[in-house]
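The structure appears below as structure tokens.
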Amino acid sequence: MNPVIMHINYCEIASNSFGKRTIDDICRIAAEIGYDGIQFRGSAPKEMPELSFREFAQLIADAKKKYGLSDILFGIGVANCTSEDKEAREKGIATAIENAKIVNDLCGTTVCNCFGPRLLSTIPNAPRSGEFNGSAVATERDWNLTADAYSGVGRELEKIGVKFAFETHAIYINDTPQATKKLVDLIDSPAVGVNMDYGNTVYFPEHPTLEECIDLYGDKLFYIHFKNSSPVPRTKTRIPTGLGDGEINHRAYLQKLRDVGFTGPICIEAPRSGDRIWFAKQDLEYYKALASSI
């Protein structure tokens with residue numbers, strides 16, 4: 001069975017903000033609900049600015065052991081990977097490698113979520129939607145520098161047994177399925193692959209089916225994000241929903257993953273506002289019912 005991961009956004013009050021919750025609280029909640037682990041972000045929450053990354057990871061490692069969680073993942077990437085500033089770029093590469101070593105050593109982490117550069121259109125008043133940004137405006141320099149940076153990281157990751165997985169996500173160079181696959185092929189490292197977030201992919205007007213995406217990624221598919229939404233009729237917008245309530249057929253999704261023998265972690269996200277702890281329970285119940293019926 002795939003490890004089932006709770007995305008940290010179920011327990012955040014805003015991005016990278018825990019409010020009054022502690023790391024201990026969050027790990028306890030995930031364990032009590034029945035998740036195998038949690039995907040944390042790549043830095044301490046806003047409420048704990050004094051923590052170094054190592055101290056942040058150590059608190060998580062302690063809570064992981066206390067509550068019996070098996071899998072802890074982090075978001076780690078190369079900052080400034082396309083910067084003109086060589087020193088800043090080299091520092092970004094070194095920090096990504098060092099943080100990967102820290103989480104592997106302290107938390108046993110073997111998969112990290114990552115992103116390439118965030119790329120916005122230079123056209124005045126251009127929409128912030130995915131098709132006008134990200135890979136649509138990436139230059140050859142952006143592709144080459146990103147691939148070069150992560151190729152170097154990949155060589156070090158291979159030595160420690162950690163993998164980086166680029167999340168398919170609008171606004172970044174790794175936005176569409178095709179762009180994300182292009183990037184990992186350019187990097188050409190067994191330690192660098194894809195985090196398939198089909199819940200992000202469906203926001204693009206033209207996109208492959210989930211089955212086509214899984215086939216496209218092939219053995220570069222390291223990680224999965226599950227979430228759901230439904231289109232609003234006669235508009236270009238979508239409404240986030242519960243995992244079992246939206247347009248994405250997760251029964252077909254999970255069946256396809258089983259068919260290709262995917263054994264990596266599956267992370268469930270909370271794309272909607274409200275009582276996210278309750279949503280975390282509902283979404284996991286749906287997932288478990290689905291998994292047991294396939």
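Quick caveat, the model's predicted, so the values are computed rather than measured. Here, residue 1 is the first one in the sequence, and each next residue gets the next number.
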> Would you say the side chain of N174 lies within less than 4.5 Å of the side chain of T168, judging by non-hydrogen atoms?
Replying inline: no
>> If we ignore hydrogens and angles and just use 3.5 Å, is the side chain of Y223 paired with the main-chain N or O of F166 as donor and acceptor?
In response: no
> Which atoms form the tightest heavy-atom contact between G77 and C114, and what is the distance?
Replying inline: CA-CB, 4.3 Å
> Are any of the side-chain heavy atoms of Q178 and P208 separated by less than 4.5 Å?
Replying inline: yes
> If you measure from the Lys or Arg side-chain nitrogens to the Asp or Glu carboxylate oxygens, is any gap between R89 and D148 under 4.0 Å?
Replying inline: yes
> Hey, does F226 have a side-chain heavy atom less than 4.5 Å from the side chain of Y286?
Replying inline: no
> Do we get R272 above F279's six-membered ring, with its NZ or CZ under 6.0 Å from the centre and within 45° of the axis?
Replying inline: yes
> Salt-bridged, D215 to K256, with N to O below 4.0 Å?
Replying inline: yes
> About how many Å separate CD of E55 and CD1 of I60, when rounded to the nearest 0.5 Å?
Replying inline: 12.5 Å
> Roughly how far, to the nearest 0.5 Å, is SG of C267 from OH of Y35?
Replying inline: 8.5 Å
> How far does CD of E84 sit from CG of L145, to the nearest 0.5 angstrom?
Replying inline: 8.0 Å
>> When you measure from the side chain of S230 to the backbone of I239, do you find a donor-acceptor pair of N or O atoms at a distance under 3.5 Å?
In response: no
>> Taking atom CD as the centre, does E50 end up with more than 12 heavy-atom neighbours from other residues, nucleotides or ligands that are less than 6.0 angstrom away?
In response: yes
> How far apart are the C-alpha atoms of V184 and K181, what are their side-chain angles, what is the distance that settles it, and do they pass the side-chain contact (heavy atoms from CB on, under 4.5 Å) test?
Replying inline: CA-CA 5 Å; V184 298; K181 182 58 162 52; 4.0 Å; yes
> Hey, quick one: are I294 and Y198 part of the same hydrophobic cluster, counting side-chain heavy atoms closer than 4.5 Å, chains of contacts allowed?
Replying inline: yes
>> When you measure from the side chain of N2 to the backbone of F262, do you find a donor-acceptor pair of N or O atoms at a distance under 3.5 Å?
In response: yes
>> Please determine whether side-chain contact (heavy atoms from CB on, under 4.5 Å) holds for the pair Y253 and M196, giving the CA-CA distance in whole Å, both sets of side-chain angles, and the decisive distance to 0.1 Å.
In response: CA-CA 11 Å; Y253 198 161; M196 177 175 168; 3.5 Å; yes
> Do the side chains of I160 and I93 join up, straight or via other hydrophobic residues, at under 4.5 Å, putting them in one cluster?
Replying inline: yes
>> Please check this pair: side chain of K64 against backbone of D71, looking for a donor-acceptor N/O pair closer than 3.5 Å.
In response: no
> For the ring-ring contact (aromatic ring centres under 6.0 Å, His included) test, which of H250, H169, H7 pairs with H225?
Replying inline: H7
> Do N99 and T95 have side chains that get closer than 4.5 Å, going by heavy atoms?
Replying inline: yes
> Is it true that a side-chain atom of S151 and a backbone atom of I187 form a donor plus acceptor pair closer than 3.5 Å?
Replying inline: yes
> Stepwise, does the ring pair (Phe, Tyr, Trp, His ring centres under 6.0 Å) test hold for F222 with F164?
Replying inline: CA-CA 8 Å; F222 294 169; F164 275 16; over 10 Å; no
> Is it true that a side-chain atom of R54 and a backbone atom of I102 form a donor plus acceptor pair closer than 3.5 Å?
Replying inline: no
> What heavy-atom pair brings V162 and C112 nearest, and what distance separates the two atoms?
Replying inline: CG1-SG, 4.2 Å
> Considering all heavy atoms of both residues, which atom of D175 and which atom of F204 are nearest to each other, and what is their separation?
Replying inline: CB-CZ, 3.9 Å
> How long is the span from the CD1 atom in I173 to the CZ atom in F115, to the nearest 0.5 Å?
Replying inline: 13.5 Å
> When hydrophobic residues are tied together by side-chain contacts of less than 4.5 Å, even through go-betweens, does I171 share a cluster with L183?
Replying inline: no
> Please walk me through it: do L119 and Y172 pass side-chain contact (heavy atoms from CB on, under 4.5 Å)?
Replying inline: CA-CA 6 Å; L119 302 172; Y172 295 88; over 6 Å; no
> Would I97 end up clustered with L73 when hydrophobic side chains under 4.5 Å apart are linked, directly or stepwise?
Replying inline: no
> Out of curiosity, does I13 fall in the hydrophobic cluster containing I26 (side-chain heavy atoms, cut-off under 4.5 Å, transitive links)?
Replying inline: no
> Can you tell if the side chain of E247 reaches within under 4.5 Å of the side chain of P231, non-hydrogen atoms only?
Replying inline: yes
> Would a 4.5 Å heavy-atom cut-off, applied to side chains only, mark I5 and I268 as touching?
Replying inline: no
> Do T241 side-chain atoms and G246 backbone N/O form a donor-acceptor pair below 3.5 Å?
Replying inline: yes
>> Please check if the number of heavy atoms outside K65 that lie under 6.0 Å from its NZ is greater than 12.
In response: no
> What is the minimum heavy-atom distance between G154 and A191, and which atoms define it?
Replying inline: O-CB, 3.8 Å
> So, do P190 and K163 sit near enough that their side-chain heavy atoms are less than 4.5 Å apart?
Replying inline: no
> Does any N or O in the side chain of E47 come within less than 3.5 Å of the main-chain N or O of G19, such that one atom is a donor and the other an acceptor?
Replying inline: yes
>> Nearest 0.5 Å, please: how far is CD1 in I277 from CG in D275?
In response: 7.0 Å
> What is the distance from atom CD1 of I38 to atom CD1 of I23, rounded to the nearest 0.5 Å?
Replying inline: 9.5 Å
> Between T109 (side chain) and V111 (backbone), is there a donor-acceptor pair under 3.5 Å?
Replying inline: no
> Is there a donor-acceptor pair under 3.5 Å between the side chain of N16 and the backbone N or O of A44?
Replying inline: yes
> Under 3.5 Å, is there a donor-acceptor pair between the D24 and Y67 side chains?
Replying inline: yes
> Mind checking whether F56 and M48 have side chains closer than 4.5 Å, heavy atoms only?
Replying inline: no
> Among N9, N200, N228, which residue meets the side chain to side chain donor-acceptor pair (under 3.5 Å) test with E269?
Replying inline: N9
>> One thing to verify: whether R28 and E32 come together as a salt bridge, which I'm taking to mean a side-chain N less than 4.0 angstrom from a carboxylate O.
In response: yes
> With the threshold set at 4.0 Å, does a side-chain nitrogen-carboxylate oxygen contact exist between E12 and R21?
Replying inline: no
>> If I compare all heavy atoms of K288 with all of G34, which pair ends up nearest, and what's the gap?
In response: NZ-O, 3.6 Å
>> I need the minimum non-hydrogen distance between V78 and Y150, along with the two atoms involved.
In response: N-OH, 2.8 Å
>> Quick one, K66 with C27, criterion side-chain contact (heavy atoms from CB on, under 4.5 Å). Give me CA distance, side-chain angles, the key distance, then yes/no.
In response: CA-CA 9 Å; K66 181 178 179 180; C27 290; over 6 Å; no
